[in-house]
Amino acid sequence: MTKKKLVAVTACPTGIAHTFMAAKKIQSWAEKQGYEVKVETQGSDGVKNRLTAHDIATADGVVLAIDVPIMDMERFDNANPLNVRTQELIKHVDALLPTVFTRGKEKSDAASDLPFEQKRSAYQVAIGHIMTGISYMLPVVVLGGLLMAVAKITGEFVDISGTPIETLDKLGFMTMKFMYPIFAAYLAYSIAGKPALVPAFIGGIMTDEVYKRFFDLEGWAPSGFFGAIAIGFLVGYLVRYLNDTIKVKTELTTLKTMLLVPAVTGVVMVLTMEYAINPFFGAVNVAMINLFTEAGDAGRGIYSMVIAAGTAFDLGGPINKAAGSVALGLNGMGDGFDLIARELGIVIPPIGVGLAAFFDGRFRPRVFSNEEQAVGKTSLMLGLIGISEGAIPFILKNPKMIPIMILGAIIGTQLAVVMDVYQSLPLPAVWGWFLSSDPVSYTISVIAGSSFIAAALLLCTKPQTANA
């Protein structure tokens with residue numbers, strides 16, 4: 001008897017945690033059922049285990065566990081795939097995957113009752129577009145930060161003035177200034193495809209200091225992250241609307257797509273940025289900066305608490321990315337507006353989970369399963385290189401742990417604020433700790449916040465839940 005064949009693609013915004021967790025869930029489920037399976041991952045390391053046209057054509061079931069647009073989506077035009085978000089697939093794999101083989105046929109009552117493919121809400125659609133933009137923005141932040149880090153670390157030992165190493169520092173800073181243009185461009189791309197890329201990119205340039213410096217604008221305030229969100233959505237939906245509503249003969253399609261739509265979009269984009277988005281969100285940013293600056297040390301503490309809580313809330317999710325993007329945009333715009341809360345909010349939760357797994361069973365009966373022990377070790381290593389997603393399996397299993405993650409991040413951040421530690425480079429990884437204003441105090445802050453999380457996880461998890 002021929003085995004059933006299941007193929008799938010997984011992709012999450014960061015291309016790190018959920019991408020491979022979903023792939024592992026699909027692989028394990030199919031192998032347990034005795035099915036043939038092949039899973040393509042589109043992660044941070046590129047496309048792996050790519051599905052061929054033959055793979056898709058001969059498959060009995062196709063799954064797309066994706067949170068962002070994927071490469072070569074047209075491969076699945078006639079495959080009737082099951083579309084589901086990675087997190088839903090991870091949570092409900094046993095209930096969801098059996099329905100894959102009924103697609104294209106009349107579904108059973110049980111399958112029709114499943115909620116996984118209900119129409120997404122406007123909020124979910126919007127978050128999906130935002131996360132797409134962020135997924136393309138992150139490599140810009142990482143590369144820019146690394147270039148600056150190489151220069152600054154080298155500068156601790158030798159004079160880099162006038163050398164190519166100094167050029168790295170300047171290029172890193174310049175690279176960072178492209179994060180909002182890239183974000184806005186790919187947010188719009190997620191909505192309307194390639195025609196929206198360039199106008200949204202230009203709109204993104206108008207949200208930040210590059211625009212101010214080039215046009216020598218006095219008294220102008222950047223609209224930053226929220227301005228980039230606004231222009232990304234405006235351009236994306238405007239391009240989609242124009243393409244859908246303007247009807248022309250086939251021979252005039254090129255004029256429409258290469259002249260009419262770009263012209264209308266460009267004019268509307270510039271006018272909206274100049275007279276609505278930048279004035280409004282620029283004023284909001286100025287008001288926020290003035291509020292926290294005038295509050296002095298207390299203002300820095302409150303600002304850092306908010307950023308740390310948002311960063312630790314969903315460990316790489318939309319709130320995490322939004323908090324981090326706000327911090328990146330405000331970095332250096334006033335006293336107290338640095339990246340200490342963002343950096344600590346990223347590393348403290350996964351390191352705390354790793355410490356909990358390390359100490360589990362040493363002072364009391366074990367509370368974590370063998371699988372959780374392995375996840376904890378991975379989480380610790382990921383935390384040290386500045387990736388928070390390693391702790392996700394723990395909060396997926398028990399969302400009540402989210403407040404623990406938040407409190408740990410706040411504790412570490414507030415301790416750093418009290419000890420007057422500053423970090424202006426977007427480098428949460430362990431090598432970035434040494435580039436803070438006080439590496440020893442920075443490390444103490446990490447240990448304090450992580451230790452709280454580790455102790456709370458061990459004390460709040462009942463021993464009988466262990467599955468050793």
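Heads up: numbering here begins at 1 and tracks the sequence. All of these numbers come straight from a predicted model, not from anything done at the bench.
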Check your understanding: For Lys212, does the NZ atom sit with more than 12 other heavy atoms under 6.0 Å from it, leaving out its own atoms?
Key ->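 Enclosed.
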
Any non-hydrogen side-chain atom of [X] less than 4.5 Å from a side-chain atom of [Y]?
X	Y	result
Asn331	Leu328	no
Gln423	Leu425	yes
Met21	Ile392	yes

Practice item. Answer yes if the side chains of Asp67 and Thr86 hold a donor-acceptor pair under 3.5 Å, and no otherwise. Key: yes

Point to revise | Side chains of Thr311 and Asn320, donor plus acceptor under 3.5 Å | key: no

Does [X] have its ring centroid less than 6.0 Å away from the ring centroid of [Y]?
X	Y	answer
Tyr237	Tyr241	no
Phe183	Tyr180	no
Tyr35	Trp29	yes

May I ask you to say whether [X] pairs ionically with [Y], meaning some side-chain N is under 4.0 Å from a carboxylate O?
X	Y	value
Glu40	Arg75	yes
Lys321	Glu389	yes
Asp55	Lys38	yes

Side-chain donor or acceptor of [X] paired with backbone N/O of [Y] under 3.5 Å:
X	Y	result
Asp338	Ser424	no
Ser190	Tyr186	no
Lys256	Ile246	yes
Gln27	Val39	no
Gln42	Met71	yes
Ser223	Asn278	no

Review point. Using the ring of each side chain (for Trp, its six-membered ring), is Tyr136 parallel, tilted or perpendicular to Tyr189, with breaks at 30° and 60°?
Key: perpendicular

Practice item. Take the angle between the ring planes of Phe292 and Phe337 and call it parallel below 30°, perpendicular above 60°, tilted in between. Key: perpendicular

